[in-house]
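Just so it is clear, the model here is predicted, and its values are computed rather than measured. What's counted below: heavy atoms across the whole structure, side chains too, no hydrogens, waters or symmetry copies. Within every chain, numbering begins at 1; the chains are lettered A, B, ... in the order of the sequence lines, protein sequences first and strands thereafter.
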Number of protein chains: 2
Amino acid sequence: MKIQNDGNIDFALILAKKGVSKTKFRIHLLELFYNKRSLSVKEVMNKSSNLINKVTIYRALECFEEKGLIHKVPSINNIIRYSLCNSDECIGSLHKHNHGHFICNNCNQTFCLENYKSPDIKDIEGFYINSLNLILEGYCKDCHLN
Amino acid sequence: MKIQNDGNIDFALILAKKGVSKTKFRIHLLELFYNKRSLSVKEVMNKSSNLINKVTIYRALECFEEKGLIHKVPSINNIIRYSLCNSDECIGSLHKHNHGHFICNNCNQTFCLENYKSPDIKDIEGFYINSLNLILEGYCKDCHLN
DNA sequence: AAAATAACGCAATTTTGTTGCGTTTATTTC
DNA sequence: GAAATAAACGCAACAAAATTGCGTTATTTT
Ligand SMILES: [Mn+2]
Ligand SMILES: [Mn+2]
Ligand SMILES: [Zn+2]
Ligand SMILES: [Zn+2]
């Protein structure tokens with residue numbers, strides 16, 4: 001499922017609904033996520049004007065996560081990645097995602113695997129679950145060939 | 001399933017079988033993993049003599065992973081964790097684990113969820129998978145109460 | 001429009017992980 | 001089991017990634 005931004009999405013409105021200030025940068029940041037679904041901090045930096053301060057990026061990402069717009073995607077190469085939330089129930093530290101994410105160990109792109117579902121989360125004795133992630137890593141089509 | 005070390009496990013032998021040098025520290029490190037299953041780098045540091053150099057720890061962990069003794073466990077708080085491999089097929093960058101891992105966001109302990117299985121890995125069009133991880137995060141019993 | 005709140009930029013700092021190189025320890029070969 | 005070889009170790013320096021404090025600017029609320 002590819003998200004199409006036909007130019008009619010009102011990013012400022014989405015931010016307002018979630019209680020996020022509508023600054024130039026945050027509108028731009030949300031657009032980035034609607035276009036690409038998953039981004040590492042570095043990718044956000046590269047795709048933003050290099051006039052924007054990295055601290056601002058970190059703080060905006062934290063805010064988006066807190067407000068349930070995006071969620072962290074863990075990975076073994078220890079780079080923070082974020083992906084657009086697909087559930088209205090996401091908020092704060094509560095992010096349970098039922099589809100997998102694939103991370104390419106070469107180009108570092110992250111792909112949402114909409115059709116690859118994680119098992120239904122059940123309460124597990126003694127564990128209070130805030131987030132669920134199914135992570136696949138390896139090489140994407142492009143990077144596998146080289 | 002709790003792994004019991006009844007004092008009869010020959011860690012040096014296990015290292016030898018995997019082609020890892022039997023140094024004092026590496027024998028100790030393997031014992032740590034047999035006792036606790038999952039450890040962050042920091043936990044390894046704390047549980048080792050503070051005379052041991054951090055570079056040595058990083059290099060030993062890398063070696064263990066390469067030889068298929070342990071594998072990385074990704075997490076959203078961006079701390080490298082390792083867990084004992086449960087399959088003889090693990091080696092190098094190939095680590096597919098069929099059970100979930102729970103990470104406590106407070107005490108940072110990692111727990112193997114032997115009974116919580118990840119879906120059978122299928123080849124996914126365009127993705128060449130090296131590692132699979134099912135990650136649950138939240139609070140453990142102890143930390144939930146406080 | 002004024003007051004209050006939140007975001008931003010900059011500089012400094014912290015935390016985490018890495019590299020090179022000389023020394024020590026373990027393994028292999030004889 | 002001694003010598004040769006290979007691997008592990010420690011140290012110091014470095015690099016990358018993320019965080020903190022604080023004064024300034026922009027956004028939101030009243
Ligand atoms: Mn989410
Ligand atoms: Mn493994
Ligand atoms: Zn790739
Ligand atoms: Zn805990």
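Inter-residue side-chain proximity for B:L136 and B:H101 is flagged as unmet; no heavy-atom pair is nearer than 4.5 Å.
Electrostatic pairing of B:E31 and B:R26 does not count as a salt bridge here, judged by no charged N lying under 4.0 Å from a carboxylate O. Taking 4.0 Å as the cut-off between side-chain N and carboxylate O, A:K141 and B:E125 count as a salt-bridged pair. Checked for salt-bridge contact, A:R37 and A:E114 meet the test: a charged N lies under 4.0 Å from a carboxylate O. A salt bridge is absent between B:E43 and B:R81: the closest approach of a Lys/Arg side-chain nitrogen to an acidic carboxylate oxygen does not fall below 4.0 angstrom.
Counting to the nearest Å, the C1' atom of C:dA7 and the CD atom of A:E66 are 16 Å from each other. Here D:dG10 presents its P atom at 12 Å from CG of B:N50, a figure rounded to the nearest Å. Remark: P of C:dT16 and CD1 of A:I79 are 17 Å apart, rounded to the nearest angstrom. Atom-to-atom, CG of B:L61 to C1' of C:dT16 comes out at 14 Å; the value is rounded to the nearest Å. A straight line from CG of B:N53 to P of C:dG17 spans 14 Å, rounded to a whole angstrom.
In this model, the phosphate group of D:dA18 is approached by a side-chain N or O of B:N78 to a distance below 4.0 Å at OP1 or OP2. For B:R26, a side-chain nitrogen or oxygen approaches OP1 or OP2 of D:dC9 to under 4.0 Å.
A donor-acceptor pair under 3.5 Å links the side-chain atoms of B:N53 to the main chain of B:V55, judged by distance alone. Between the A:H95 side chain and the A:E65 main chain, a donor and an acceptor come within less than 3.5 Å of each other. Remark: the backbone N or O of B:G19 is paired with a side-chain donor or acceptor of B:K67 at under 3.5 angstrom. Counting only distance, with no hydrogens or angles, the side chain of A:D10 and the backbone of A:A12 share a donor-acceptor pair below 3.5 Å. Here the side chain of B:E137 pairs a donor or acceptor atom with the backbone of B:I76 at under 3.5 angstrom.
Judged purely by distance below 3.5 Å, without hydrogens or angles, the side chains of A:N77 and A:N108 pair a donor atom with an acceptor atom.
Rounded to 10 degrees, the angle separating the terminal helix axes of the helix from C:dA1-D:dT30 to C:dC30-D:dG1, each built from five base pairs, is 50°.
A heavy atom lying under 4.0 Å from DNA chain C marks none of the residues of residues 101-111 of chain A.
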Seminar exercise, completed: Readout for nucleotides 19-29 of chain D: B = base within 4.0 Å of protein heavy atom, S = sugar-phosphate only, - = neither; 5' to 3' it is BBB-----SS-
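Counting non-hydrogen atoms under 4.0 angstrom, A:I52 reaches the backbone sugars and phosphates but no base.
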